[in-house]
2 protein chains.
Amino acid sequence: MWSNHINYDVWMRTHQLVLHWIENQLSEGQLSVGGRLPAERTLAEQLKVSRTSVREAIRILEALGVVRAGVGSGPEAGTVVISDPTAALGSTLRLHVATQHLPVADIVETRVLLESWAAAHVRPDAPELATAATLLDEMDAVGHSSGDGAAPIDDFLALDVRFHLALADAAGNTVVSAMMGSLREAIQGYAGRLTANLPDWDATASRLRAEHHGILAAIQNNDGGRAAALVAAHIEGYYREAGVKRPPEA
Amino acid sequence: MWSNHINYDVWMRTHQLVLHWIENQLSEGQLSVGGRLPAERTLAEQLKVSRTSVREAIRILEALGVVRAGVGSGPEAGTVVISDPTAALGSTLRLHVATQHLPVADIVETRVLLESWAAAHVRPDAPELATAATLLDEMDAVGHSSGDGAAPIDDFLALDVRFHLALADAAGNTVVSAMMGSLREAIQGYAGRLTANLPDWDATASRLRAEHHGILAAIQNNDGGRAAALVAAHIEGYYREAGVKRPPEA
DNA sequence: GTAAACGATGTGGTCCAACCACATCAACTA
DNA sequence: TAGTTGATGTGGTTGGACCACATCGTTTAC
């Protein structure tokens with residue numbers, strides 16, 4: 001339907017020309033993850049545009065998680081192709097939440113949807129399951145000494161994030177993983193603030209620990225349906241306890 | 001956990017400073033959809049940065065579907081806040097597909113997941129259902145005269161897109177809608193090219209028409225489960241017929 | 001009086017030339 | 001041989017200039 005070649009006759013902003021050139025290089029495999037873009041000045045000369053326009057294009061690709069720019073010399077320097085869709089999707093969602101056009105409730109609901117699916121589709125032999133089990137052990141270790149201040153809570157939540165992401169990764173769908181991660185990232189600040197609303201953190205932590213073990217057990221027991229249901233209840237329970245209002249279900 | 005105030009002591013690239021300033025304005029409601037950003041030169045002076053840095057920030061926001069820049073004077077001019085997450089998510093996914101780090105099969109699988117959920121959660125009284133029904137009527141009208149060339153096929157596919165998006169919107173979750181649309185957009189070129197692989201377009205079109213009616217009927221019949229299953233079969237069937245290989249299911 | 005033409009104003013779009021900070025690596029020096 | 005030093009090349013930032021465009025007054029011609 002569409003050619004890979006670009007019609008340069010149609011009007012196009014200069015930085016978009018650069019953008020399309022780079023996207024073509026990616027599609028044709030002449031540029032791939034780990035590869036390096038020509039230097040900004042070089043690229044500007046090659047494409048007969050100003051360095052400013054090249055830089056605008058690179059900025060966009062950077063925001064989209066496609067490249068990473070580094071100053072100086074050596075392997076860390078230059079503009080290299082990466083692939084971090086999660087960060088890009090996350091900031092996109094976060095910005096649009098800020099504009100009040102993406103309700104947090106919708107994000108939570110979507111997270112439940114994706115994560116339930118992931119739980120139901122985890123391969124029992126996925127290596128990420130071992131990681132998840134290890135994370136649960138670590139979560140059992142922290143938080144028991146809650147008199148030390150808030151640090152254990154943050155540690156616990158950080159492990160919690162990694163546990164959920166590990167399960168998502170174990171399902172083997174990169175798009176679902178990326179979207180899951182981005183949803184979490186988008187409401188991370190929001191969710192963090194909610195933690196203060198919890199009436200009894202120790203009780204909540206204990207419950208979360210137990211639910212995590214239950215989810216993992218269901219997965220290891222090859223009971224995807226139960227795992228999905230447990231995950232849904234787990235997430236929804238947390239947000240409800242922290243005071244997020246859910247929209248009325250049909 | 002996190003303050004909304006930014007620590008300007010930490011190192012930060014200049015355009016990110018602008019980015020965070022604007023995001024703050026959005027979060028605090030001092031800037032909302034429909035509102036206009038200060039002129040680039042003004043903003044640069046206010047934030048004590050160069051216009052170039054302001055422009056780089058605006059480019060990013062534009063790529064993220066948060067603002068729209070327009071030259072000239074009047075209501076269409078200036079940089080105004082919009083909210084088009086679908087476009088941003090779409091180009092993000094498309095770029096990462098180009099880097100070979102997001103398999104098309106994963107995108108299709110995710111689309112099936114989201115769209116099935118949407119079909120199961122459509123409110124029977126959603127106004128989008130009427131739109132969907134109208135679209136089906138239009139699809140019945142086009143394509144019957146396939147001797148005219150490729151135009152009817154494109155018309156049919158365009159209506160098909162709108163039908164699926166209408167169903168997604170009818171579920172009432174903006175995040176799911178946006179993601180659905182972006183997934184479709186990301187593989188639009190790919191899917192379009194696949195159409196040429198179809199052995200018998202007329203037969204395919206007839207089948208698609210029948211399946212669409214079946215899906216809509218199931219929804220109107222309040223049978224969400226059946227609707228979800230039909231949608232899944234509908235999408236997977238199309239891609240399978242067009243030659244997309246699916247990964248082995250567990 | 002009305003309508004067309006014109007110019008002032010303000011917007012984003014593009015380009016250039018210069019300078020900075022940084023990281024490496026080669027040449028030089030003690 | 002070990003340390004210093006400078007050359008090189010990368011992205012980061014700035015100021016200024018000019019362009020195209022769209023509007024809205026004012027002026028002008030009828």
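Numbers restart at 1 for each chain; the letters A, B, ... are given by sequence-line order, proteins then strands.
Shown here are the side-chain contact (heavy atoms from CB on, under 4.5 Å) partners of A:Leu31, two or more places apart in sequence or in another chain: A:Ile22, A:Gln25, A:Leu26, A:Leu37, A:Val81. In terms of the side-chain contact (heavy atoms from CB on, under 4.5 Å) criterion, residue partners of B:Arg162 (sequence neighbours excluded) are, by chain and number, B:Leu135, B:Leu159. Taking the side-chain contact (heavy atoms from CB on, under 4.5 Å) definition, one finds that B:Thr110 meets it with A:Asn173, A:Val175, A:Val176, A:Met179, B:Leu114, B:Leu183, sequence neighbours left out. Evaluation of the side chain to side chain donor-acceptor pair (under 3.5 Å) rule for B:Thr52 yields no partner, not counting sequence neighbours. Every side-chain contact (heavy atoms from CB on, under 4.5 Å) that A:Glu23 has, sequence neighbours left out, goes to A:His20, A:Ser27, B:Arg94, B:Leu95.
Here the shortest heavy-atom pairing between B:Asp106 and A:Gly172 reads OD2-O, 3.9 Å.
Residue pairs meeting the side-chain hydrogen bond (donor to acceptor under 3.5 Å, both in side chains) criterion with at least one partner in residues 37-49 of chain B, sequence neighbours excluded, are B:Glu40-B:Arg51, B:Glu40-B:Arg55. Pairs engaging residues 164-185 of chain B under the salt bridge (Lys or Arg N to Asp or Glu O under 4.0 Å) rule: B:Asp160-B:Arg184 [sequence neighbours left out]. Residue pairs meeting the ring-ring contact (aromatic ring centres under 6.0 Å, His included) criterion with at least one member in residues 160-188 of chain B, sequence neighbours excluded: B:Phe163-B:His212, B:His164-B:His212, B:His164-B:His234.
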* How does protein reach along nucleotides 10-19 of chain C, written 5' to 3' as B (base within reach of a heavy atom under 4.0 Å), S (only sugar-phosphate), or - (no contact)? -> BBBBBBB-BB
Under 3.5 Å, side-chain donor or acceptor atoms of residues 62-74 of chain A against the rest of the protein: list the pairs with distances, not counting sequence neighbours.
from    : atom 1 : to      : atom 2 : distance (Å)
A:Glu62 : OE1    : B:Arg13 : NH2    : 2.7
A:Glu62 : OE2    : B:Arg13 : NH1    : 3.2
A:Glu62 : OE2    : B:Arg13 : NH2    : 2.7
A:Arg68 : NH2    : A:Glu76 : O      : 3.3

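In this entry the distance linking CD of A:Glu76 with P of C:dC25 reads 12 Å, nearest Å.
Near DNA chain D, defined here as any heavy-atom distance below 4.0 Å, there are no residues from residues 80-87 of chain A.
The C1' atoms of five pairs define one axis at each end of the helix from C:dG1-D:dC30 to C:dA30-D:dT1, and these two axes lie 30° apart (to 10°).
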